[in-house]
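What follows is a set of notes on a single structure, which appears directly below.
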Amino acid sequence: MIALGQVKLVLLGPPGVGKGTQGARVAAHFSAPHISTGAMLREAVDRGTPLGRKAKAIMERGELVPDDVMIGVVAERLAQADARAGFVLDGFPRTVPQAEALDRIARERGHHLDGALLIDAPVETIVARLAGRRTCPRCSRNYHVSMEPPRREGVCDADGAALVQREDDREETIRERLNLYCHKTAPLVAYYRGRHELIEVAGDASPDEVFARIITRLPENGRVPDPARL
Ligand code: AMP
């Protein structure tokens, strides 16, 4: 059973499959923090921090930030008070060494993952989604020009900021990111499947439908509050 606030999930799936959208919803459903390493890096780039300066060019090329850097970032984030009891990790792990590091971090805290949620979809669906994706630079919420448009064209529903197309959502970079996913991240599917921790959901439907599929696959639907936390 997963009690509110105590879900420990990682999201897997190709870029553009809806991990950001679903990660935010699943996290809200379980009252746990949604930890997106991509969003953390984009914020670091915008603020011009040392991490951001290191990551900027790598991200623009659609490549991966080195494992040791990412492991440090995630270890630090998971040590913060709001993530001690639970988290929905989106975008990490992305390589086998990152998954092994996450296991070590969890072990040190006496945690175990509730599962690795794989959202998958055909390549054509993914390319169409990424090319039409628009993102709010302020709150990181994603839209799609035709599939999930904002109420006012080009403007975030939540905070009114002008939506942007991510540098790495351009066609050349999309191909590089998909290529990297196949080589570096797809092996994690076998990694978690081998441990019977893989939860697979088809992502080729509307955000509401995919969310409904996810929730029915998670134990206790996240609706049972842990009496110890009330
Ligand atoms: P995302 O928003 O998850 O698609 O991440 C955007 C970009 O940030 C990726 O294309 C990578 O360059 C970088 N990134 C995010 N998470 C990781 C990670 N766990 N390992 C390496 N690079 C990452």
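Numbering of ligands and ligand atoms starts at 1, following listing order.
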Next on the checklist: Under the criterion side chain to side chain contact (heavy atoms under 4.5 Å, CB included), I'd like the reasoning laid out for Asp82 against Arg77: C-alpha separation, chi angles, the key distance, then a yes or no.
Outcome noted: CA-CA 9 Å; Asp82 66 327; Arg77 180 64 188 86; 2.7 Å; yes

Checklist entry - Yes or no on side chain to side chain contact (heavy atoms under 4.5 Å, CB included) for Val88 and Ile35, after CA distance, side-chain angles and deciding distance? => result CA-CA 6 Å; Val88 175; Ile35 301 177; over 6 Å; no

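A heavy-atom distance below 4.5 Å is found between the side chains of Leu218 and Leu9.
Enumerated by chain and number, the residues approaching ligand 1 to less than 4.0 Å through a heavy atom are Thr37, Gly38, Leu41, Arg42, Met59, Glu63, Leu64, Val65, Met70, Gly91, Phe92, Arg94, Gln98, Arg166, Asp168, Arg177.
Between the SG atom of Cys139 and the CG atom of Asp159 there is a distance of 4.5 Å, given to the nearest 0.5 Å.
A donor and an acceptor atom, one from each side chain of Thr125 and Asp204, are nowhere located under 3.5 Å apart.
Counting all heavy atoms, side chain and backbone alike, Gly16 lies closest to Arg133 at CA-NH1, 4.2 Å.
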